[in-house]
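Everything quoted here is computed from the prediction, not taken from an experiment. The analysis underlying the following values was restricted to heavy atoms, covering all of them including side chains, and did not include hydrogens, waters or symmetry mates. In what follows, chains are A, B, ... by sequence order, proteins preceding strands, each numbered from 1.
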Amino acid sequence: MNENSSSNEAAASPPVITIRQMAAHVGEEVTLEGWLYGKTGKGRLQFLQIRDGAGICQAVVFKGNVSAEIFELVRQLTQESSLRVTGVVKADARAPGIPGGYELDASGLELVQLAAEYPIQPKEHGVEFLVKNRHLWIRSSRQWAVLRVRATVVRAIRDWLDRNDFLNVDTPILTPNAAEGTTTLFEIDFHGEPAYLAQTGQLYNEANILAFGKVYCFGPTFRAEKSKTRRHLQEFWMVEPEIAFCDLGGLMEIEEQFVSHIVQRCLEQNGEELALLERDTSYLERVTPSFPRIHYDEAVAIVNRAADAGELVPGYDDKVPHIEWGADFGSPHETYIAAQFDKPVFVHHYPTQVKAFYMEPDPERPEVCRSVDLLAPEGYGEITGGSERMADVDKLVAGIKAHDLPMDAYDWYIDLRKYGSVVHSGFGLGLERTVAWICGTAHLREVIAFPRTLGSMRP
RNA sequence: UCCUCGGUAGCUCAAUCGGCAGAGCAUCCGGCUGUUAACCGGGUGGUUGUUGGUUCGAAUCCAACCCGAGGAGCCA
């Protein structure tokens with residue numbers, strides 16, 4: 001392994017391997033580097049659960065196989081102590097771990113650091129305590145699994161878009177104005193001029209597609225909403241594809257291919273993580289094209305039929321509230337609608353008045369627009385929102401006026417309709433809502449390493 | 001901003017009508033060769049969120065405030 005070592009030295013220090021590689025080293029003496037995740041002492045037999053970041057495995061220390069000093073050291077080991085363990089890899093069906101089935105029959109142990117008393121025990125804790133200890137909580141197996149699924153989702157997003165000829169063109173985070181008003185923006189000082197943390201890259205995406213055809217931006221986005229629920233973060237990640245020469249129907253086809261690919265990739269690559277999370281993957285296996293599509297009119301009818309029948313919102317004690325045609329759906333409405341389907345469901349043609357100024361009105365019925373939201377099953381809410389954008393310069397100017405937005409802030413955006421304007425569409429997918437749905441986690445704060453919620457930005 | 005629930009040992013919780021603040025886990029000591037959040041025996045551990053009030057007596061009742069949770073609205 002190390003060409004500088006003599007053969008004698010190589011024999012004296014066994015190779016360092018990862019827990020993932022153990023199956024290929026059965027019967028060989030190896031060293032693992034990691035942290036003590038848990039320990040069960042049974043007199044002269046000590047079971048150590050070792051994590052190395054990519055897996056968990058058991059090291060068995062029998063008093064007769066190590067020196068008296070090392071055995072005493074093992075008895076004193078504290079949770080999360082960092083260490084190197086050397087021993088022979090054995091296949092044993094009794095061995096727990098990720099992946100399980102292999103254990104290390106320890107012959108030596110080097111303590112790197114004896115950890116101070118670790119606050120998080122392998123048992124139940126309250127949310128407040130765990131959130132305060134987020135910097136440690138991420139070591140726990142459930143959090144570890146969730147963040148690994150998140151990484152898969154990020155890879156799947158980039159792979160699918162790159163493979164389908166979307167160019168990654170990232171958009172600014174410091175912006176002088178919002179796409180849809182300024183009520184939920186974080187304001188900062190740009191050398192004496194007010195600026196805002198971006199809550200979408202969409203307007204810039206629309207400039208970029210006229211240069212590159214199909215683009216996406218992917219990064220953090222910021223909402224200063226006073227939302228304190230399991231479905232909201234102040235800082236979250238969003239991927240926003242935008243496509244030239246694409247109408248609403250084309251957009252929905254792209255979205256269902258994209259979302260299905262993400263889900264199927266997680267099933268392929270994160271079986272162990274989803275099993276550890278006790279996720280019922282039968283819901284996820286069904287997530288393949290095509291997804292059901294319902295018109296806003298039909299969605300209103302579904303909600304009001306349920307409201308008239310006194311049905312409850314799935315998962316809650318509250319009745320489904322009635323809705324007037326023309327209003328936007330609230331969370332209880334979305335939860336009810338999504339529960340009527342066993343796949344994500346598109347709701348399209350929302351009322352023009354409740355949607356953003358740039359969405360293209362339906363030419364037959366201008367009171368509704370070519371917008372579409374994708375609602376995730378099982379109460380995870382809206383995971384994408386998108387629309388066909390206004391391509392006509394006069395309609396766009398009228399839309400900006402109708403929404404009382406400052407015309408001069410949009411001069412460059414209006415420009416885009418003067419130089420080769422085309423039918424175009426785009427959407428944004430919320431990364432954390434998608435990961436939370438795939439993992440089945442109760443709260444969005446678990447699917448990002450260091451969440452920023454209305455209540456907290458520490459640690 | 002509004003509504004609901006909560007704050008007791010390091011952690012998770014209990015404490016009947018207002019009457020000695022207590023368990024499990026963690027930690028410490030002892031025991032155990034197959035444990036999976038082991039088990040058995042023993043020890044340590046308290047300004048009951050804060051301030052004020054009622055009372056012979058307050059974790060418990062009252063008031064204000066602080067902190068947390070998740071729901072509405074808004075949104076991905």
Does [N] have OP1 or OP2 under 4.0 Å away from a side-chain N or O of [X]?
| X | N | result |
| --- | --- | --- |
| K228(A) | A69(B) | yes |
| R223(A) | C74(B) | no |
| Y118(A) | A26(B) | no |
| R445(A) | G70(B) | yes |

Touch check for [X], heavy atoms < 4.0 angstrom, all strands: base, sugar-phosphate only, or nothing?
| X | result |
| --- | --- |
| P96(A) | base |
| L444(A) | base |
| G381(A) | nothing |
| I120(A) | nothing |
| R94(A) | base |
| T384(A) | sugar-phosphate |
| G126(A) | sugar-phosphate |

Suppose you measure atom [atom1] in [N] against the same atom in [M]; what distance do you get, rounded to whole Å?
| N | M | atom1 | result |
| --- | --- | --- | --- |
| U55(B) | G19(B) | C1' | 12 Å |
| A23(B) | G43(B) | C1' | 16 Å |
| A59(B) | C3(B) | C1' | 26 Å |
| C67(B) | G49(B) | P | 16 Å |
| U60(B) | G53(B) | C1' | 15 Å |
| A26(B) | C20(B) | C1' | 27 Å |
| U35(B) | C29(B) | P | 24 Å |

Of all the nucleotides listed ([options]), which has the minimum atom distance to the side chain of [X]?
| X | options | value |
| --- | --- | --- |
| R75(A) | G71(B), G30(B), C75(B) | G30(B) |
| E128(A) | C67(B), A69(B), U35(B) | C67(B) |
| K90(A) | G70(B), G34(B), C74(B) | G34(B) |
| P122(A) | A37(B), G73(B), G34(B) | A37(B) |
| D328(A) | G70(B), C75(B), U35(B) | C75(B) |
| H443(A) | C11(B), G34(B), G70(B) | G70(B) |
| E124(A) | C75(B), A37(B), G71(B) | A37(B) |
| E117(A) | C74(B), G34(B), U27(B) | U27(B) |
| H232(A) | C74(B), U1(B), C67(B) | C74(B) |

Has the side chain of [X] got a donor or acceptor that lies under 3.5 Å from a partner of the other kind on the base of [N]?
| X | N | result |
| --- | --- | --- |
| S227(A) | G73(B) | yes |
| H125(A) | C11(B) | no |
| Q46(A) | U35(B) | no |
| E103(A) | G34(B) | yes |
| T40(A) | C39(B) | no |

Practice problem: Could you check E242(A) against R389(A) for salt bridge (charged side-chain N to carboxylate O under 4.0 Å, His left out), going step by step and ending with a plain yes or no? | Solution: CA-CA 10 Å; E242(A) 191 81 22; R389(A) 323 301 192 187; 2.9 Å; yes
What integer distance in Å separates [X]:[atom1] from [N]:[atom2]?
| X | N | atom1 | atom2 | result |
| --- | --- | --- | --- | --- |
| Q76(A) | G30(B) | CD | C1' | 14 Å |
| D318(A) | G73(B) | CG | P | 10 Å |
| K355(A) | C74(B) | NZ | C1' | 12 Å |
| K226(A) | C74(B) | NZ | C1' | 12 Å |
| Q79(A) | G10(B) | CD | C1' | 13 Å |
| F329(A) | C74(B) | CZ | P | 13 Å |
| K123(A) | A26(B) | NZ | P | 8 Å |
| F129(A) | G7(B) | CZ | P | 18 Å |

Assigned partner base of [N], Watson-Crick or wobble definition, under 3.5 Å:
| N | answer |
| --- | --- |
| A69(B) | U4(B) |
| U44(B) | none |
| A64(B) | U50(B) |
| G19(B) | C56(B) |

Check: [Y] and [X] side chains under 4.5 Å, non-hydrogen atoms:
| X | Y | value |
| --- | --- | --- |
| P99(A) | E272(A) | yes |
| R158(A) | F218(A) | yes |
| I56(A) | I50(A) | no |

Exercise. Tell me whether C67(B) sits syn or anti, counting syn as a glycosidic angle within 90° of 0.
Key: anti
Quiz item: Does the ring centre of Y296(A) sit less than 6.0 Å away from the ring centre of F329(A)?
Solution: yes
Quiz item: How far apart are the C-alpha atoms of Q76(A) and E72(A), what are their side-chain angles, what is the distance that settles it, and do they pass the side chain to side chain donor-acceptor pair (under 3.5 Å) test?
Solution: CA-CA 6 Å; Q76(A) 309 282 322; E72(A) 187 53 28; 2.7 Å; yes
Exercise. Name the residue closer to the 5' end of RNA chain B, choosing between E382(A) and L454(A) according to the nucleotide with the nearest heavy atom.
Key: L454(A)
Self-check item: Nearest-nucleotide comparison on RNA chain B, the residue closer to the 5′ end among L429(A) and R44(A)
Solution: R44(A)
Quiz prompt | Over all atoms of both residues, closest heavy-atom pair of T352(A) and C369(A) | solution = OG1-N, 3.5 Å
Quiz item: Honestly, is R75(A) close enough over F71(A), meaning NZ or CZ under 6.0 Å from the six-membered ring centre and within 45° of the axis?
Solution: no
Quiz prompt | Short N-O contact, D92(A) and R94(A), less than 4.0 angstrom | solution = yes
Quiz item: Can you tell me how far OH of Y380(A) sits from CZ of R230(A), rounded to the nearest 0.5 angstrom?
Solution: 8.0 Å
